[in-house]
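Input: a single structure, listed below in structure tokens.
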Amino acid sequence: MKILLLHSDYMEYEVKKKTRFAEPFEGKGERVEEVLVVFVSVEKGDTEETASRAVDEIRDVAEKVKSDRIVLYPYAHLSSELADAETAVNLLKFMEKELSNEFDVHRSPFGWYKAFKISCKGHPLSELSREIKGEDIELTQALKDEERAVSYWYILTPEKELVEVDRFDFSRYDNLRKFVDYEISKRRAADRTPPHVELMKRLEIADYEEASDSGHMRYYPNGRLIKSLLEMFVTEKCIEYGAMEVETPIMYDRGHPTLRKYLERFPARQYIIKGDKRDFFLRFAACFGQFLMNAQATMTYKHLPLRMYELTRYSFRKEQRGELVGLRRLRAFTMPDMHTVVRDMEEAKQEFYNQYRLSVDVLREIGLEPEDYEVAIRITKDFYKENRDFIHSIAEILKKPILIEMWDRRFFYFVLKFEFNFVDALDKASALSTVQIDVENAERYGIRYVDSDGKERYPYILHCSASGAIERVIYALLEKAFLSSKNGMLPMLPVWLSPTQVRIIPIAERHLEKAIEIANELNRNRIRADVDDRDETTAKKVRDASTSWIPYIAVIGDREMEENLLSVTVRKESTIKNQKKIKMSLKELIDVIKKETEGKPYKPLPMHFMLSRRPSMR
RNA sequence: GCCACGGUAGCUCAGCAGGUAGAGCGCGUGCUUGGUAAGCACGAGGUCGCGGGUUCAAAUCCCGCCCGUGGCUCCA
């Protein structure tokens, strides 16, 4: 926004003719004496926040020149980057309203050709221009609100008692203590790179891509397989839960009146794409696309709850440079995003409860148990008071204490949310699953349903990410594996996610043919098996398979050929000192793995099944 | 984004009072046909992150930038 301030003896204007942007106006014009005239150009990207900063400037100048009368005069010629007319009028009206508390404000109509006369006083303060940058401001209104909101911290015990956080006995809850420390005192102890960063590289899962922006990763064949399987799994679970899968654009008009409000909270966090005529921002979640779709749908109470799902590949958030780490925090990430339109708060609570259970279930099947994460519930005080029993009933689901953050008032779109927070090897917490009850966006987007009495009503909307970002799930699995290795176990991924599930190791060349035959049979049974046909010693091949976290290592030599059995090393039952080796038939091995991966998605080996034909990816 | 530290072979790192680069692993070739966490030998492989400056001479000193990690901040 650009403004030009002229302290004047008088200002006089006369309305001549409409432009195509003209706002309705009846009068002819007016003359105002002893006035501060403010010429205003509203620019692209300006928001109410920009406008209120302009108001502060104007107020400041008006007080200095001791003028209690102001003319707000829309004037396009101060800028070459003008906002659309609707925004401009809205912001001018907003400024008029803000200023009229203290001043006699005259707003000249927008979008008309006007003649004016002005007599500028000419003292040193009488002519000032100001540029108020919309994009660069750090603090938007919502952020200011957040600063003013006070948080109260409690622990909700499994016995449904609400205890102030200082009075809770954490002695049996080490992980929860770490999480609470992280949340409240913001204690940071880490002095090294998180373990998953080294692991994601060494296991050829993912790596930094210097040719892209920070926080955009490359995924090697192994990583793509793991990511793909997780994506398939979460998607299946959400569809099974009753969601309609959709796909929506990844970029949206920056000036779109509905989207802008949502954007205001994070002005510096968007990727901006220059279009031919309009500028676009890259989505940071699937909300927009789904809400716009919902707004157009004809819905009645009979259709509710209505669930819509999308896997965002990608969501973009231009996080601050120093916040990015490995797979924990990215600028481009994949997130399952489900929105549920519900009739009323009763239905919202019911869904919230069910989606909480869905999230527990999804994480558990992925390989993250309730003891691997800590629960946080964030809630407004009012909502808590009105729904005490409901909130307490949530504590029953996992029977573990929950951190409650209570706000004295609502400053964002939701009244209630939960998160499951993974606490990693460096005691840092990151949110995985989350569900929120949104009481604001239905109205903003014009999402309505027809109720049983024939009247249109605004529904509530739940936001649900059943697993959290897929990349973050991989991070959690790697950190968990690292933590388990500190407890003397061998680190590994769940079998259904392991890129190679069975490694066949022929002892000498004469066993190779049989090894290939076995691998083929396994692969026909949808088990990812490969063959280490390299010219290496058996010990070396076993070591390589072990350091690649392969769950089943099957050695085949003369003895196995003779007995028609495999000599299988089972990783999850082994330690580095004590390898668990079992003789079993091929059929038994197939049965064991099939049982272990039952109900999970499958994809074939991500690379050639002969190790000698496989490149090292880094 | 701010502060600190780091970037040298494909990988992990050594070298740095300024004098044109080293190890281990990996890779290639040969020997070896092996029995459960690293066989042996030989060989190839380097714009020392990028750009500028100081100097007879810069991987090494100075400045700027890029990337990474930690802290601050932040996480819709």
Side-chain angles (χ1 to χ4, degrees), chain A residues 136 138 140 142-143 146 182-183 186-194 197-198 201-202 204 207-216 261-270 283-288 315-326 328-331 333 335 337 411-414 417 419 421 426 428-431 434 436 438 440-441 463 465 468-469 472 490 503 505-512 532 534-548 550 553-560 567-569 571 574-581 615-618:
Chain A
D136 299 343
E138 281 302 312
T140 60
L143 284 172
E146 188 168 349
Y182 188 84
E183 279 288 317
K186 306 285 183 190
R187 188 176 62 90
R188 301 291 191 279
D191 54 351
R192 61 203 167 100
T193 302
V197 173
E198 194 261 326
K201 294 181 185 180
R202 192 174 64 68
E204 295 191 353
D207 209 335
Y208 302 107
E209 176 53 76
E210 288 198 20
S212 183
D213 189 16
S214 303
H216 295 241
K261 260 272 177 52
Y262 213 62
L263 225 56
E264 266 177 37
R265 191 171 143 90
F266 300 94
R269 295 288 168 106
Q270 319 302 331
R283 68 172 175 197
F284 48 78
C287 307
F288 316 113
S315 289
F316 298 90
R317 298 181 189 179
K318 212 171 77 191
E319 308 290 10
Q320 293 182 72
R321 182 64 192 66
E323 295 165 1
L324 307 168
V325 217
R328 182 168 69 208
R329 194 77 181 277
L330 296 168
R331 284 181 172 173
F333 59 94
M335 186 175 64
D337 204 0
F411 57 84
F412 204 34
Y413 62 76
F414 56 84
K417 84 184 262 197
E419 299 147 18
N421 291 274
L426 268 35
K428 302 232 185 186
S430 310
T434 180
Q436 301 152 9
D438 178 345
E440 198 175 283
N441 279 304
H463 302 236
S465 188
R472 192 170 275 185
L490 290 176
R503 166 76 41 90
I505 297 180
I507 285 179
E509 259 174 46
R510 63 179 176 280
H511 310 120
L512 181 57
D532 194 342
R534 297 172 307 163
D535 178 20
E536 297 290 351
T537 59
T538 304
K540 176 67 177 293
K541 291 181 191 177
V542 168
R543 182 187 149 82
D544 285 351
S546 303
T547 55
S548 306
I550 291 170
I553 301 170
V555 172
I556 179 155
D558 290 338
R559 295 204 289 271
E560 289 76 13
S567 201
V568 181
T569 305
R571 186 174 182 84
S574 301
T575 62
I576 193 147
K577 289 259 156 63
N578 191 7
Q579 308 276 323
K580 171 87 171 183
K581 296 184 196 102
S616 158
M617 298 305 293
R618 61 190 294 267

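Quick note on labels: first sequence line is chain A, next is B, and so on, each numbered from 1. Hydrogens, waters and symmetry mates are skipped; everything else that's a heavy atom, side chains included, is used.
- Using a 4.0 Å cut-off between charged nitrogen and carboxylate oxygen, A:Glu419 and A:Arg472 do not count as a salt-bridge pair.
- Among the atoms of the strands shown, only primed sugar atoms or phosphate atoms (P, OP1, OP2) are found under 4.0 Å from some heavy atom of A:Thr538.
- Closest to the side chain of A:Ser214, out of B:G70, B:G68, B:G35, is B:G68.
- Counting heavy atoms from C-beta on, the side chains of A:Arg331 and A:Leu324 come closer than 4.5 Å.
- When side chains are defined from C-beta on, A:Ser616 counts as touching A:Glu204, because their heavy atoms get closer than 4.5 Å.
- Checked against A:Thr575 for a side chain to side chain contact (heavy atoms under 4.5 Å, CB included), the options A:Gln579, A:Arg571, A:Lys577 give a single hit: A:Lys577.
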Apply side-chain contact (heavy atoms from CB on, under 4.5 Å) to A:Asp532 and A:Arg503, showing your working. CA-CA 7 Å; A:Asp532 194 342; A:Arg503 166 76 41 90; 3.8 Å; yes

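- When Watson-Crick and G-U wobble pairs are counted only if both distances are under 3.5 Å, B:G6 pairs with B:C67.
- The closest donor-acceptor contact from the side chain of A:Tyr208 to the backbone of A:Gly215 lies at 3.5 Å or more, if one exists at all.
- For B:G18, there is no paired nucleotide, since no Watson-Crick or G-U wobble pair has both relevant distances below 3.5 Å.
- The side chain of A:Lys428 has B:G71 as its nearest neighbour among B:A37, B:G71, B:U12.
- A side-chain donor-acceptor contact under 3.5 Å links A:Ser574 to the backbone of A:Lys580.
- Picking from B:C75, B:A76, B:A38 the nucleotide with the shortest atom distance to the side chain of A:Ala539 gives B:A38.
- A straight line from CG of A:Leu512 to P of B:G34 spans 15 Å, rounded to a whole angstrom.
- Across all strands shown, A:Arg559 has heavy atoms under 4.0 Å from base atoms, whether or not it also approaches the sugar-phosphate.
- Taking atom P on both nucleotides, B:A4 is separated from B:G43 by 46 Å, rounded to a whole Å.
- The base of B:G34 is paired with the side chain of A:Asp535 by a donor and an acceptor separated by under 3.5 Å.
- Here A:Lys540 reaches the OP1 or OP2 of B:G26: one of its side-chain N or O atoms lies under 4.0 Å away.
- Under the 4.0 Å criterion applied to side-chain N and carboxylate O atoms, A:Asp544 and A:Arg534 are assigned as salt-bridge partners.
- One finds the CD atom of A:Gln436 at 6.0 Å from the NE2 atom of A:His463 (value rounded to the nearest 0.5 Å).
- Separation of the P atoms belonging to B:G24 and B:A9 is 16 Å when rounded to the nearest angstrom.
- Phosphate proximity of B:C75 to A:Arg472: absent, as no side-chain N or O sits under 4.0 Å from OP1 or OP2.
- The CZ-C1' distance, from A:Arg534 to B:C31, rounds to 18 Å in whole Å.
- Whole-Å rounding puts the A:Glu419 CD to B:C75 P distance at 11 Å.
- Under 3.5 Å, the side chain of A:Glu509 and the base of B:U33 form at least one donor-acceptor pair of N or O atoms.
- Using a 4.0 Å heavy-atom cutoff across all strands shown, A:Arg321 reaches at least one base atom of the nucleic acid.
- Nucleotide B:C66 holds its P atom 15 Å from the NE2 atom of A:His216, rounded to whole Å.
- B:U69 and B:C31 have their P atoms separated by 45 Å, given to the nearest Å.
- Across all strands shown, the partner of B:C61 is B:G53, judged by Watson-Crick or G-U wobble contacts whose two distances both fall under 3.5 Å.
- The distance from atom CG of A:Asp544 to atom P of B:G39 is 9 Å, rounded to the nearest whole Å.
- Nucleic acid contact class of A:Leu324 (heavy atoms, under 4.0 Å, all strands): sugar-phosphate only.
- Comparing B:G51 with B:G45, their P atoms are spaced 23 Å from each other, to the whole Å.
- Nearest nucleotide to the side chain of A:Tyr208, out of B:A37, B:G68, B:A76: B:G68.
- For the P atoms, the distance from B:C42 to B:G7 is 31 Å, rounded to whole Å.
- A distance of about 14 Å separates the P atoms of B:G6 and B:U60, rounded to the whole Å.
- Taking atom C1' in both B:G70 and B:C25, one finds a spacing of 28 Å when rounded to whole Å.
- Nucleotide B:C74: unpaired (no Watson-Crick or G-U wobble partner with both distances less than 3.5 Å).
- Checking B:U69, B:U33, B:G35 against every side-chain atom of A:Arg510, the shortest atom distance belongs to B:U33.
- Distance from the side chain of A:Ser546 is smallest to B:A37 among B:A37, B:G34, B:G68.
- Each of A:Glu319 and A:Ser567 was matched to the nucleotide of RNA chain B holding its nearest heavy atom; the match closer to the 5' end belongs to A:Ser567.
- Taking only side-chain atoms of A:Val325, from C-beta outward, the nucleotide of B:U69, B:U12, B:C67 with the closest atom is B:U69.
- Using a 4.0 Å heavy-atom distance criterion, A:Lys581 is classed as a base contact.
- Of the nucleotides present, none pairs with B:G26 by Watson-Crick or G-U wobble criteria with both distances under 3.5 Å.
- No hydrogens or angles were tested; on distance alone, nothing pairs the side chain of A:Gln436 with the base of B:A76 as donor and acceptor under 3.5 Å.
- A:Ala285 comes within 4.0 angstrom of no nucleic acid atom, judged by non-hydrogen atoms across all strands.
- Base engagement by A:Leu490 is indicated by at least one non-hydrogen atom pair under 4.0 Å involving a base atom.
- Across all strands, A:Glu210 comes closer than 4.0 Å only to sugar-phosphate atoms, never to a base (heavy-atom distances).
- Within the shown strands, nothing qualifies as a pairing partner of B:U32 under the Watson-Crick or G-U definition with both distances less than 3.5 Å.
- Backbone-only contact: A:Arg192 has heavy atoms under 4.0 Å from sugar-phosphate atoms and none from a base.
- Atom-to-atom, CZ of A:Arg329 to C1' of B:G1 comes out at 13 Å; the value is rounded to the nearest Å.
- Position along RNA chain B of the nearest nucleotide to A:Thr547 versus A:Ala508 favours A:Ala508 as the more 5'-ward residue.
- Atom NE2 of residue A:His216 and atom CD of residue A:Glu210 lie 14.0 Å apart, to the nearest 0.5 angstrom.
- Here the side chain of A:Val197 is nearest to one of B:A76, B:U69, B:G1, namely B:U69.
- Checking B:U36, B:C11, B:G70 against every side-chain atom of A:Arg618, the shortest atom distance belongs to B:C11.
- For the C1' atoms, the distance linking B:G30 with B:A23 amounts to 24 Å, nearest Å.
- The interatomic distance linking A:Asn578 (CG) with B:U36 (P) rounds to 15 Å, in whole Å.
- Here the side chain of A:Arg317 is nearest to one of B:C74, B:C67, B:A76, namely B:A76.
- Contact between the side-chain N/O atoms of A:Thr537 and the OP1/OP2 oxygens of B:G39 is found at a separation under 4.0 Å.
- Summarising the geometry, the separation between CD on A:Glu560 and C1' on B:G34 is reported as 13 Å, rounded to the nearest angstrom.
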